[in-house]
Each structure stands twice: as structure tokens, then as C-alpha cells.
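Report on the following structure.
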Amino acid sequence: MASGDESGTHDLVSLLSSGERDFLVRKNGDQVKISDLVGKKVGLYFSASWCGPCRRFTPDFVEVYEELSSKGDFEVVFISSDKVDEAFDAYFAKMPWLAIPFSDSETCKHLKSLFKVRGIPYLVILDGSGEVLSDHGVKIIKDYGSEGYPFTPERVKILREEEEAAKKEQSLRSILVSKSRDFVISNTGIKIPVSELEGKTVGLYFSMTVHKGCREFTSKLVEFYEKIKGQGNNFEIVLIYLDDEEEPFKQGFETMPWLALPFKDKSCEKLARLFELTSLPTIVIISPDGKTLNPNVAEIIEEHGAEAYPFTPQKLLELAEIEKAKNKSQTLESILVSGDSDFVIETSGSKVPVSELVGKTILLYFSAQWCPPCRDFLPKFIAIYDEIKAKDGAFEVIFVSSDRDQFSFDDYFVSMPWLALPFGDERKAFLQQKFKVRGIPAVVAIGPSGKTLTTHARPLLQAHGADAYPFTEEHLEKLDKMLEEMAKGWPEKVKHELHAAHELIKTRTNGYECGACKEMGQAWSFSCERCDFDLHPKCALKKDTKEGGKTKESWTCEGDVCRKT
């Protein structure tokens, strides 16, 4: 009997059984007939013990499953990507649902292929008739928990509409009060009613103690908070903690003089979604009337400290004018010279005065040996550097290291043909803050006059290579027109094996990560908006020349998902 296709209707028995097996197993070894699941909603949970994002998601999924267990019409089947049975057993022991036996790897492999599982954790939800309700089950569970039940598109639409309506009627209570809680807590455990915060300017501080950027920012925020409070301002901060480990939360919160939502409070993820969180640290400012005044003032606090308060549009306009004046007077010496630190170094250790670089186009390369994307980008960057240098000697790159020790810095820098700030140089923190470097690798282009050409030179280098030089606005516009002409010869839509569910549309875009080669792209992509999936034109249009035969399955873990490579 055919099991159906990945996006249609499936016969559950033939989908989950094999020639010798018509049952699933529980963690205690009990067998459950697959036919007992017919008529129920079933979640096919693709996961593995070695996958960090899976291990973080599974406890939340267990909680949702147990909340829904009383309904009696929802079941989950674990489909493992574990390599050894001991790992499977230890991981499955934490799950209250069913699984395909570890020994039946062929069925697991077939299901991963059928549902085009490219990353885990991955959750496909089938309705009682075996029809696919959603292959975005992980997102639904993360966003809505048990409220997402019965996981139909109609239910998700209702929840989204409710959220949009709540945004329009936003108040401090609608943000911070839940069905089970009307308080926030101090770092000594005292419960503070949310009503005591009404009428104040409130900063929602989204943070993770394990996040280095958050740890570094917290000390600055403490200084800012104490100064603002010391001036008698009606201001408060509420920590929205997003990590899964309680001990780091306790240790981190002890150092903070403000308030917080309780650890693992369900409102934390809800608020991250409500305010469309894209980076950490983030501080959302809520005005005294309960409305959002600013979606993120973290950078503003870093740059201007207490001068940024109270974050009104008028205040931010004043700060922007001050910043504009600073940028207008910027020179290479103003950003690279600090006291006696008026030099950069060669790989030999020799000092090169900053004055010798004046009049050149300079790229500041923020990178580190421990960073895999940095190591991947470096060989390409060296080739581009050599090509530009051969054309124009008035060009240089300066490595700004985020390495953790001198040995790592030396080992990494010796492979580079350019200059660097010395390891541990205090100018690194200033440059990161000035150019708002939130992730590495990053490349900032400084023109011959000392003015900033672009803080986003890395995607330009990846998209255009040496042709991106000299990074001026006029030159980039010319490149853009050339790409525009080239794009006219591309098809409007393509089908690709990496995203067979939907056609990919030729799209103008600012920036993305290619789903094939994992490199950054910009200007043009072939995109699926429904699935947030993009391919470089070169990846989308090149013909598959791969020979037949088996390839070894491998995975790479990044952020909230482990992807097949």
C-alpha cells in the first residue's frame, strides 16, 4: 500500500511499518500497534541525542505533549537520527511518546527522505486521516505551545490574529501579566505586582547569560540603570531571560539591580515573538502609556549611555545629529589611534604606524580562529585581497581579532597576508561599538579620506569578489546595474531539489544565507517566502552534476537547528 507523498495524505500503517514490523515501541519496551494510532493526530518527530537544538526543544515538547495527553487524540512518534543504540535509548528515555525501533534504520531513512528533512529538530503533524497539517510543527510548538492544538492552519491563523489584535491594544499588563502570574520578581525573589510598574518607562531586557555579548553589555546597562535611577527618573528594567539553564540565570540575575520575569516563564518566548526579536542583547522601551516607544535601544545605550534617556524621537534625533557630525570629521587616525597605540602590526611583529596607511582604502576585518564561518571565509578573502592588491597598492586590510588567547591569535594571524591590531588591544572594543559589529566575520570599508564607505563589506565581497573594490557608492550602483541586466536573462521561477515543496521566485533582496552553499548573498536570490529559504542565483541555476551513488550522511549544528550537509 502506498504511503502517500510528503505534502498529501498518508496511510499511517504503511507509512510507519516495515515488512516485519507493525508496531511502535515505548521507552519501557512495550509495543503499540500502529493501527491504534489511526484516527489520531500524529506528530512525526525527527530528532537526535547529539543535536543541541533537539535537546533544548525536547523538554518543551514533552511539556506540551503532557498537557495534551488528556485529550486522548494526539500522539507523537520519534524518528531518530542517532548513530548508536545506547545514545538512542538514553535520549528516548526522556520521551513519553512512541518511537520507531532503533533497529529499523531503513524506515527512519525512508521517512527523512519522504518528508525532505534537511534540518532537525523537525516535526511533521498529520491529522486523523493522515493528511499533513504542517511541517512547521517545531515553530508552532515554540510559538504557541499547547495553545497551538489542534495544529491546523486555521488555528495558527486565529492565534496570529489574536496577537495582532493584542499589539493594537497593547498595555503593560497585556505584555507582562499572564493567566497564572501578575507579578515580576526581584533578584532576592520578592514578587513585585506589575501594577507598580504602570505609568513608568519600562525597558524589557532580552538576554542570555551564556551569550558573551549580553554579558559584556550587562555591565554597561547596570551603570546606565543606576545613573538614570539616581537622577530620580520613573524608570525600570525587566529581564526577559531566554536560556534553558537555571543556574546561569540565578548567577547572572544576582548581578542585576532590576526586575525579571521568573525563569522559564511561558511569556518569555511569547514576548520574543511579539517584539520580533532578531538579535541579542535587545532592550525594548515601553512608554508610560504601555505602548512601544523603541524596539531596541541597546546600541544607543552603548554609544551614548545616560544621554540617550528617555529615548523619545526628539532625543534620538539630537543624538543622530551629534553622530553625524562625528562621522563627518572622521579620519583614519581618529578611529585607529588611541594614546600611545598609534600603530598596527605585521605577522613578523613589526609595527606599522597608522600614519603610513592614511590615503589608502582600508578594510577592518573582524574575525577569530574559533569561528567556523570566519575560517571558511578567510581563504576566499585572501584570494580577493591578492587580486585587489595587484591592481592597487593603496589598499590594505587590518585584522581585528576576537580570539581568546595569544596563541590562537598568532596561529590564525600567521596565515594572513595583511596587518592586524595587536592581540587584546583596547581599540578593538571601540571599533566594534563604533561600527556596530554584532557578529563575525564582518568587514568594514574605510575610504582614502578616512570616512566610512560601508559597514557591510563582507556580503559585497562574497557577492562580487574583487569587483566590489573600491566600495564607493557610485561603484556599487554601477555593479548593481550590471547585475540588473544579468538578472533579466534568468528565469522568473525555478524548481530545486533542496526545496522541492515550492517553486523558488527570482527576488530582489538585501541579504540572506544561501540554502545550498551556506554563504551570504545579496541583491538577487531565488526565494521561497513561505519557508524563508533562499538560493544564490549561481546555486539555483547550475545543473546538478553529482554522480549517482551513496553519500555519507553528515550534519552541522547552527543556532536552533542541525542541518544535513
Side-chain angles (χ1 to χ4, degrees), residues 142-144 147 157-186 191-207 214 217-218 220-221 224-229 231-242 256-262 265-321 323 436:
K142 281 184 177 181
D143 286 354
Y144 304 111
E147 291 184 8
K157 182 180 178 182
I158 289 172
L159 291 170
R160 286 175 178 165
E161 288 173 348
E162 288 177 352
E163 287 185 340
E164 288 302 314
K167 281 183 183 180
K168 294 177 182 176
E169 302 299 324
Q170 179 179 300
S171 68
L172 197 64
R173 290 190 62 80
S174 73
I175 294 170
L176 293 180
V177 173
S178 68
K179 293 178 182 178
S180 60
R181 177 190 47 73
D182 63 356
F183 59 86
V184 291
I185 59 172
S186 70
K191 295 179 180 179
I192 310 296
V194 171
S195 58
E196 292 190 13
L197 302 182
E198 292 183 306
K200 294 185 176 183
T201 298
V202 176
L204 304 179
Y205 179 30
F206 293 87
S207 180
C214 291
F217 178 71
T218 294
K220 299 174 185 175
L221 187 59
F224 167 86
Y225 176 84
E226 291 178 341
K227 189 167 185 178
I228 295 300
K229 295 285 281 188
Q231 293 171 350
N233 291 296
N234 211 13
F235 176 68
E236 193 50 77
I237 290 177
V238 178
L239 172 67
I240 314 296
Y241 187 71
L242 299 175
M256 303 176 189
W258 44 74
L259 308 173
L261 290 187
D265 191 278
K266 291 183 179 179
S267 293
C268 292
E269 289 291 342
K270 180 180 178 182
L271 290 173
R273 188 172 66 256
L274 176 68
F275 292 106
E276 299 176 355
L277 191 70
T278 58
S279 63
L280 291 175
T282 286
I283 301 183
V284 178
I285 298 297
I286 307 300
S287 65
D289 64 1
K291 307 302 181 187
T292 302
L293 181 62
N294 194 297
N296 190 6
V297 297
E299 287 183 0
I300 298 169
I301 290 174
E302 276 197 316
E303 291 176 27
H304 303 284
E307 293 299 316
Y309 189 81
F311 310 108
T312 59
Q314 182 180 355
K315 170 59 73 171
L316 298 186
L317 186 61
E318 291 173 9
L319 295 176
E321 288 299 319
E323 193 64 26
K436 300 179 177 59

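What you see is a predicted model, and the numbers here were worked out from it, not measured in a lab.
A pairwise comparison of heavy atoms in Leu293 and Pro313 identifies CD1-CD, 4.4 Å as the closest pair. Of all non-hydrogen atoms in Ala298 and Pro281, the two that sit nearest each other are CB-O, 3.6 Å. Closest non-hydrogen pair, Glu196 versus Lys200, comes out as O-CE, 3.7 Å. Shown here for Tyr205 and Cys214, the closest heavy-atom pair between the two residues is OH-O, 3.3 Å.
Taking 4.5 Å as the limit, some side-chain heavy atom of Leu271 sits within range of a side-chain heavy atom of Leu261. For the pair Leu176/Leu204, a side-chain contact is recorded, criterion being any heavy-atom separation below 4.5 Å from C-beta on. For the pair Leu242/Leu280, a side-chain contact is recorded, criterion being any heavy-atom separation below 4.5 Å from C-beta on. In this structure the side chain of Ile286 never reaches within 4.5 angstrom of the side chain of Leu197, judged on heavy atoms. Taking the side chain as every heavy atom from C-beta outward, Ile240 and Leu277 never approach each other to under 4.5 Å. Side-chain atoms of Arg181 and Ser267, non-hydrogen and from C-beta on, do get closer than 4.5 Å to each other. Using a 4.5 Å cut-off on side-chain heavy atoms (C-beta onward), Ile185 and Ile192 make no contact. Inter-residue side-chain proximity for Tyr144 and Glu163 is flagged as met; some heavy-atom pair is nearer than 4.5 Å.
One finds a salt bridge joining Lys167 and Glu276 here, because a Lys/Arg side-chain nitrogen approaches an Asp/Glu carboxylate oxygen to under 4.0 Å. At a threshold of 4.0 Å, the pair Lys436-Glu302 does not count as salt-bridged, since none of the basic side-chain nitrogens sits closer than that to a carboxylate oxygen. Of the charged side-chain nitrogens involved, at least one lies within less than 4.0 Å of a carboxylate oxygen, so that Lys315 and Glu318 count as a salt-bridged pair.
In this view, Arg173 satisfies the salt bridge (Lys or Arg N to Asp or Glu O under 4.0 Å) rule with no residue, not counting sequence neighbours.
Panel note: side chain Asn233, backbone Ile228; a donor-acceptor pair is recorded below 3.5 Å. Without hydrogens or angle criteria, Asn296 side chain to Ile283 main chain gives a donor-acceptor distance under 3.5 Å.
A side-chain donor-acceptor contact under 3.5 Å links Gln170 and Thr292.
Taking the six-membered ring for Trp and thresholds of 30 and 60 degrees, Tyr225 and Phe235 have ring planes inclined between 30 and 60 degrees apart. Ring planes of Phe311 and Phe224: tilted class, angle from 30 to 60°.
Here the OG atom belonging to Ser178 is positioned 8.0 Å from the NZ atom belonging to Lys270, to the nearest 0.5 angstrom. One finds the NZ atom of Lys291 at 7.0 Å from the OG atom of Ser171 (value rounded to the nearest 0.5 Å). With rounding to the nearest 0.5 Å, the separation of CZ in Arg273 from CG in Asp143 is 4.0 Å. A distance of 11.0 Å separates CG in Leu319 from CD in Gln314, rounded to the nearest 0.5 Å. Summarising the geometry, atom CD belonging to Glu307 is positioned 13.5 Å from atom CD1 belonging to Ile300; distances are rounded to the nearest 0.5 Å.
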### Message
As a quick check of understanding, evaluate side chain to side chain contact (heavy atoms under 4.5 Å, CB included) for Tyr309 and Thr201, giving each step before the final call.
### Response
CA-CA 10 Å; Tyr309 189 81; Thr201 298; 4.0 Å; yes

### Task
Run the numbers on Trp258 and Val184 for side chain to side chain contact (heavy atoms under 4.5 Å, CB included), then give the verdict.
CA-CA 10 Å; Trp258 44 74; Val184 291; over 6 Å; no

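Annotation: Glu161, atom CD; neighbour count of heavy atoms from other residues, nucleotides and ligands within 6.0 Å is above 12.
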